[in-house]
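One structure below.
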Amino acid sequence: MPASSPSPSIATVYGVLMNHPSEHEALGTSINEAPYKAVPNAPVLYIKPSNTFVSQKKAEKGITIPLSTANAQSISVKGDEDGLDMRPCVGLVFQTPYAQGSTRFKTQDFEVGFFLDITRPHNSFYRPPIKFNAMDQSLVLPAMTIGFDSWDELAKLEVHCSVNLLNQSTYNVQDFLRPPLALLKAVSEFIAFEAGDVLLLGCPAKGLRVKQAGDTVVVMTFDSLITTLVAKFLNVPPVGAANEEGKV
Amino acid sequence: MKQARVLYQDQLFQATEEADALRLDNDELVSFEQVQWLPPLAPISRPRTILCLGLNYRDHAAELAFKPPSEPLAFLKGQSSLIGHDAHTLRPAEATHMHYECELAVVIGRKAKDVQAADAHTVIGGYTIANDYAIRDYLENWYRPNLKVKGRPTCTPIGPWLVSAQALKKQKRDPANLVLETKVNGVVTQRGNTQDMIFSVPYLIEYFSSFMTLQPGDLILTGTPDGVVDCKVGDVVECSIEGLGILKNTIATL
């Protein structure tokens with residue numbers, strides 16, 4: 001088992017949508033109707049910019065994303081529903097650059113860790129979801145990332161997520177439509193990766209939702225390959241809502 | 001301030017324009033052709049946030065047969081797609097619709113969160129030109145436009161200069177009233193004015209900073225007017241914006 005090391009300096013984080021069968025099932029026939037009109041061909045990517053990064057340490061103390069946008073004055077922050085969706089992702093961290101068009105990826109050039117991708121609920125995937133998923137503190141970074149020996153080892157990962165240790169969800173990396181290596185190749189066709197870049201491998205649809213202040217999320221795997229990740233959510237007034245003095 | 005960043009004899013320099021030549025910060029005077037131009041952006045210790053606007057000019061929206069949006073239509077791209085002035089932009093062999101997009105690029109100069117439009121000028125570090133190439137063959141309807149269209153290496157030329165708001169003011173130029181123009185092989189194919197933006201630069205800063213903190217070095221590529229044309233291998237594309245110079249690149253084979 002390769003030695004553990006502290007998190008490298010995270011650079012551009014790419015996430016992927018529609019890489020799990022449940023995402024296709026959740027959309028049903030609407031996949032082939034407007035606006036989508038067909039199943040996606042290329043990997044559907046989104047970026048988590050650096051303002052979203054929050055350390056494990058800070059996340060355990062409390063994340064300050066408003067849980068409700070019901071009274072938000074600003075058009076930019078209304079979600080489709082209240083609460084925040086948890087997308088616990090396995091992320092591959094590039095230890096070295098890989099040029100566009102790479103087809104050979106060596107396991108020793110990567111480390112792996114859990115990233116908790118936090119999204120405001122939204123029901124359409126037609127346009128990029130920036131206002132729903134680029135909020136400050138909406139990506140909890142792993143405290144540590146570790147190396148792995150083979151792509152098969154990665155494929156065996158089972159990811160467990162819970163809210164308040166009660167609501168639980170589990171998924172297997174094995175179930176991804178594009179397994180890690182295939183995803184790397186597909187994305188490399190059009191992206192040049194830099195050292196520190198991260199590729200999140202995907203996430204099932206309709207994960208757990210955090211609704212209340214104090215809700216605590218734990219992400220873990222049972223075979224000690226990757227350390228656990230914990231995040232707690234604080235009570236934050238809705239953005240743009242009047243405060244006690246009646247001012248916005 | 002009007003500055004470039006260049007490689008000269010394998011060393012990195014900041015440079016200013018002097019009599020159609022470059023004054024390097026070691027005092028040497030060199031020609032534009034003697035250097036490799038880099039994006040005119042100071043290095044930062046975090047991955048650069050690059051916000052891009054689709055459909056932010058009234059005529060361009062009509063050209064692509066869309067109704068103007070009621071909210072900014074924005075997407076993110078990664079910094080590995082940036083390349084400097086006078087470089088090669090790579091066209092895939094199978095592409096049939098590779099479109100330049102001449103855009104006013106805003107460089108954030110101060111930490112920006114919950115900034116009101118009236119105060120937007122206080123967080124702007126400067127302006128430059130960006131060419132937000134789109135390879136429309138790859139368009140799909142999932143998180144559109146996707147990164148296969150927009151995030152490709154060499155496909156976001158930026159530069160040549162970073163021009164401060166004061167420098168533009170000295171030239172009696174207003175960022176909200178700048179002519180943009182693109183030439184392909186010397187022929188004008190696109191022309192517009194930043195006054196035709198659907199969402200203005202101050203509004204965009206207010207909008208984005210309402211849900212995300214922007215940091216110095218972050219970019220907002222503010223969209224392109226109508227007149228996009230397919231660029232073929234060998235084409236020389238020049239995007240110019242009043243007061244900001246001319247950003248040139250040549251299409252080459254991927």
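Protein chains get the first letters and strands the later ones, always in sequence-line order, with residue 1 at the start of each.
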Please classify the contact of [X] with chain A as side chain, backbone, both or neither, using a heavy-atom distance under 4.5 Å.
X: Arg152(B); value: both
X: Leu147(B); value: both
X: Leu214(B); value: neither

Can you name the nearest heavy-atom pair linking Met212(B) to Ala134(A), along with the distance?
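Shortest heavy-atom separation between Met212(B) and Ala134(A) comes out as CB-O, 3.5 Å.
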For Ala11(A) against Pro47(B), the heavy-atom pair lying closest together
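For Ala11(A) versus Pro47(B), the nearest heavy atoms are O-CG, 3.2 Å.
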Rounded distance [0.5 Å steps], [atom1] in [X] versus [atom2] in [Y]:
X: Ser80(B); Y: Tyr14(A); atom1: OG; atom2: OH; result: 4.0 Å
X: Tyr138(B); Y: Phe190(A); atom1: OH; atom2: CZ; result: 10.0 Å
X: Ile191(A); Y: Lys77(B); atom1: CD1; atom2: NZ; result: 9.5 Å
X: Asn141(B); Y: Arg127(A); atom1: CG; atom2: CZ; result: 8.5 Å

More than 12 heavy atoms of other groups within 6.0 Å of His97(B) NE2
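Count not over threshold, so no.
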Check each atom of [X] against the heavy atoms of chain B and say whether the ones under 4.5 Å are side chain, backbone, both or neither.
X: Ala38(A); result: backbone
X: Gln137(A); result: neither
X: Leu17(A); result: side chain
X: Asn41(A); result: both

Does Phe193(A) reach the side chain of Pro153(B), with side-chain heavy atoms less than 4.5 Å apart?
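A side-chain contact under 4.5 Å is absent here.
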Are any of the side-chain heavy atoms of Phe53(A) and Arg46(B) separated by less than 4.5 Å?
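Result no, sub-4.5 Å side-chain heavy-atom pair not found.
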Looking only at heavy atoms and a cut-off of under 4.5 Å, which of Arg48(B), Gln79(B), Gln215(B), Lys113(B) has the most pairs with chain A?
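Result: the option with the highest number of such pairs is Gln79(B).
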Contact leader toward chain A among Leu51(B), Asn146(B), Leu76(B), where contacts are heavy-atom pairs under 4.5 Å
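The candidate making the most pairs under 4.5 Å is Leu76(B).
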Return the option, out of Pro97(A), Ser124(A), Pro35(A), with the maximum number of heavy-atom pairs under 4.5 Å with chain B.
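Ranked by heavy-atom pairs under 4.5 Å with chain B, first place is Pro35(A).
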Counting a contact as any heavy-atom pair under 4.5 Å apart, which residues of residues 85-96 of chain B contact chain A?
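Listed by number, there are no contacting residues, so the answer is none.
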So, Trp142(B) versus Tyr36(A), ring centres under 6.0 angstrom or not?
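Judged by ring-centre distance (under 6.0 Å), Trp142(B) and Tyr36(A) do meet the cut-off.
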Looking at Glu140(B) and Lys37(A), is any side-chain nitrogen of the basic one under 4.0 Å from a carboxylate oxygen of the acidic one?
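The answer is no: the pair does not qualify as a salt bridge.
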Checking Thr154(B) against Gln100(A) for the side-chain contact (heavy atoms from CB on, under 4.5 Å) test, could you report, in this order, the C-alpha distance in whole Å, the side-chain angles of both residues, the deciding distance, and whether it holds?
CA-CA 10 Å; Thr154(B) 75; Gln100(A) 179 187 13; over 6 Å; no
Just checking, any donor-acceptor pair under 3.5 angstrom between side chains of Thr213(B) and Asn51(A)?
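Checked: Thr213(B)/Asn51(A) side chains show no N/O donor-acceptor pair below 3.5 Å.
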For Ile130(A) and Phe211(B), what are the C-alpha separation, side-chain angles and deciding distance, and is it a side-chain contact (heavy atoms from CB on, under 4.5 Å)?
CA-CA 9 Å; Ile130(A) 296 184; Phe211(B) 59 85; 3.7 Å; yes
Can Thr49(B) and Ile47(A) be said to form a side-chain contact (heavy atoms from CB on, under 4.5 Å), step by step?
CA-CA 9 Å; Thr49(B) 293; Ile47(A) 288 177; over 6 Å; no
